[in-house]
Amino acid sequence: MITETLELTVFACVVKHSSYAKAADELLLSPSGVSRIVSRLEERLGARLVQRTTRKLSLTEAGAAFHARTVQLLADLAEAEAEVRETALRPRGNLRVSAPVVFGQLYIGPLLDELLDAFPELSIDLSLTDRFVDLIDEGMDLAIRIGSLSDSRLIARRLCTNQRVLVASSSYLERRGFPRHPSELANHDCVLFTSFARPREWRLLGPEGPVSVSVSGHMASNNADVVTSAAKRGHGITVGATLVVGPALRSGELVRVLSDWEFENTAIFALYPSARQLSTKVRATVDFLAERLKDPPSWDRLLVGVPGFGQGVRSP
């Protein structure tokens, strides 16, 4: 029968201390328990390993030879276990990630270099699409989503706030005038984002509480970049997430409209199929994104001092 690792560990500890009592203290065993284990080992080997006297404990010749071999075996075993644990804790392998097109281009893609530098054994397959992706059916490890969540099979971790505001070009506003109340939006050309559940009904929050207004216009798209570009060219007022319209607000290509009013904030989430057996690569990536995209997100911090944003951005 093969000698148990516990027996080798106890024997090595007894040799280290030349004492059953001290070995028992280190191993959190009783002295009698340590003695029984050593005796069991000796019985299995058919040789006495330890010479016991009333004053001291010493190794027999067989015990010294056995200890010389087994102490290296224990060291090798400890090193092997440490290597396996380190490997298991190290993010590695291919990670399949899904993200919305614009957000993925602007904010996820640029983070990948840093992510791969931090975890060199990781590889990333980033899929950018604005359609709904079923992570489980399509074999995705992780998805970034903006807005409300509906799939109860998924675990969600909130990353940051998604602030949405009304914007237009200065040329349009010079031509049509600044609206002073949301109700006036019905008389303006509006560029519609058709991925909203109700693209022609804008619900705004402001000093008077929530207000809903019906809007219309000559331009509409399900792509945030297209909508933003149309607004910059003077086609009308639109609603834009600050993560998309922020650069145009900073450059002056767009200005904020009705600065006391905005759409209800949503959030940006990282979603993954299950937390029960969450892989190291998913956990590490989610932690990385949560740190880089935490509130207030970088794109909102850049709006501090831009007309219509005062001295800061709204908290989540």
Side-chain angles (χ1 to χ4, degrees), residues 1-96 115-125 135-136 139-142 153-157 270-291:
M1 184 178 295
I2 298 175
T3 302
E4 297 178 2
T5 304
L6 174 62
E7 294 174 345
L8 297 182
T9 301
V10 170
F11 175 64
C13 196
V14 167
V15 174
K16 180 174 73 171
H17 292 291
S18 296
S19 166
Y20 286 155
K22 291 180 180 179
D25 287 341
E26 179 177 327
L27 298 171
L28 301 180
L29 297 171
S30 67
S32 61
V34 169
S35 178
R36 282 196 300 271
I37 291 172
V38 173
S39 296
R40 186 173 69 201
L41 176 59
E42 290 176 326
E43 183 179 347
R44 178 173 300 160
L45 296 174
R48 181 171 293 278
L49 303 176
V50 178
Q51 189 69 44
R52 307 165 183 84
T53 68
T54 56
R55 292 190 175 184
K56 69 174 186 176
L57 181 152
S58 60
L59 292 178
T60 64
E61 183 178 351
F66 185 71
H67 177 259
R69 296 289 298 272
T70 58
V71 72
Q72 186 59 51
L73 289 174
L74 288 172
D76 291 344
L77 180 59
E79 183 178 348
E81 289 180 349
E83 288 178 358
V84 170
R85 282 195 299 269
E86 183 182 354
T87 299
L89 294 174
R90 204 164 52 222
R92 63 188 307 169
N94 188 50
L95 182 76
R96 300 190 66 202
L115 179 64
L116 292 174
D117 284 344
F119 308 120
E121 295 182 64
L122 192 66
S123 61
I124 306 292
D125 181 352
L135 271 70
I136 296 174
M140 289 289 175
D141 298 299
L142 179 66
R153 298 174 301 169
L154 303 178
I155 307 299
R157 180 167 175 181
L271 292 92
Y272 42 91
S274 174
R276 183 173 301 172
Q277 293 183 333
L278 183 60
S279 67
T280 303
K281 63 182 179 181
V282 173
R283 187 187 304 278
T285 302
V286 171
D287 288 344
F288 173 87
L289 293 175
E291 177 61 27

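Of the inter-residue distances, the one linking L49 atom CG with E7 atom CD reads 10.5 Å to the nearest 0.5 angstrom. Interatomic distance, CD1 of I124 versus CG of L115, reported as 5.0 Å (0.5 Å rounding). K16 NZ to S18 OG: the interatomic distance, rounded to the nearest 0.5 Å, is 11.5 Å. Note that CG of D25 is 9.0 Å distant from CG of L27, once rounded to the nearest 0.5 Å. We find the CG-CD1 distance between L271 and I155 to be 9.0 Å, quoted to the nearest 0.5 Å. The distance from atom OG1 of T70 to atom CG of L74, rounded to the nearest 0.5 Å, is 6.0 Å.
Residues T280 and P91 share a closest heavy-atom pair of CG2-N, 3.7 Å. Nearest heavy atoms, P273 versus M140: CG-O, 3.9 Å. For V50 against E42, the heavy-atom pair with the smallest separation is N-OE2, 3.1 Å.
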For L142 and L289, run side chain to side chain contact (heavy atoms under 4.5 Å, CB included): C-alpha distance rounded to whole Å, both residues' side-chain angles, the deciding distance at 0.1 Å, then the answer. CA-CA 11 Å; L142 179 66; L289 293 175; 4.3 Å; yes

Evaluation steps, side chain to side chain contact (heavy atoms under 4.5 Å, CB included), between V71 and L8: CA-CA 8 Å; V71 72; L8 297 182; over 6 Å; no

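Residues passing the ring-ring contact (aromatic ring centres under 6.0 Å, His included) test with F11, sequence neighbours excluded: F66. E61 is linked by a salt bridge (charged side-chain N to carboxylate O under 4.0 Å, His left out) to nothing, counting only residues two or more places apart in sequence or in another chain.
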Exercise answer: donor-acceptor pairs, residues 28-36 side-chain atoms, under 3.5 Å, sequence neighbours excluded:
residue	atom	partner	partner atom	Å
S30	OG	S32	OG	3.2
S30	OG	G33	N	3.0

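Residue R283 forms a side-chain contact (heavy atoms from CB on, under 4.5 Å) with just one option from D287, V286, T285, and that option is D287.
Residues Y272 and D141 form no side-chain contact, since every pair of their non-hydrogen atoms from C-beta on lies 4.5 Å or further apart. With contacts defined as side-chain heavy-atom distances shorter than 4.5 Å, the pair R96/N94 qualifies.
By the neighbour-count criterion of 12 heavy atoms within 6.0 Å, atom CZ of R48 is sparsely surrounded, having that number or fewer from other residues, nucleotides or ligands.
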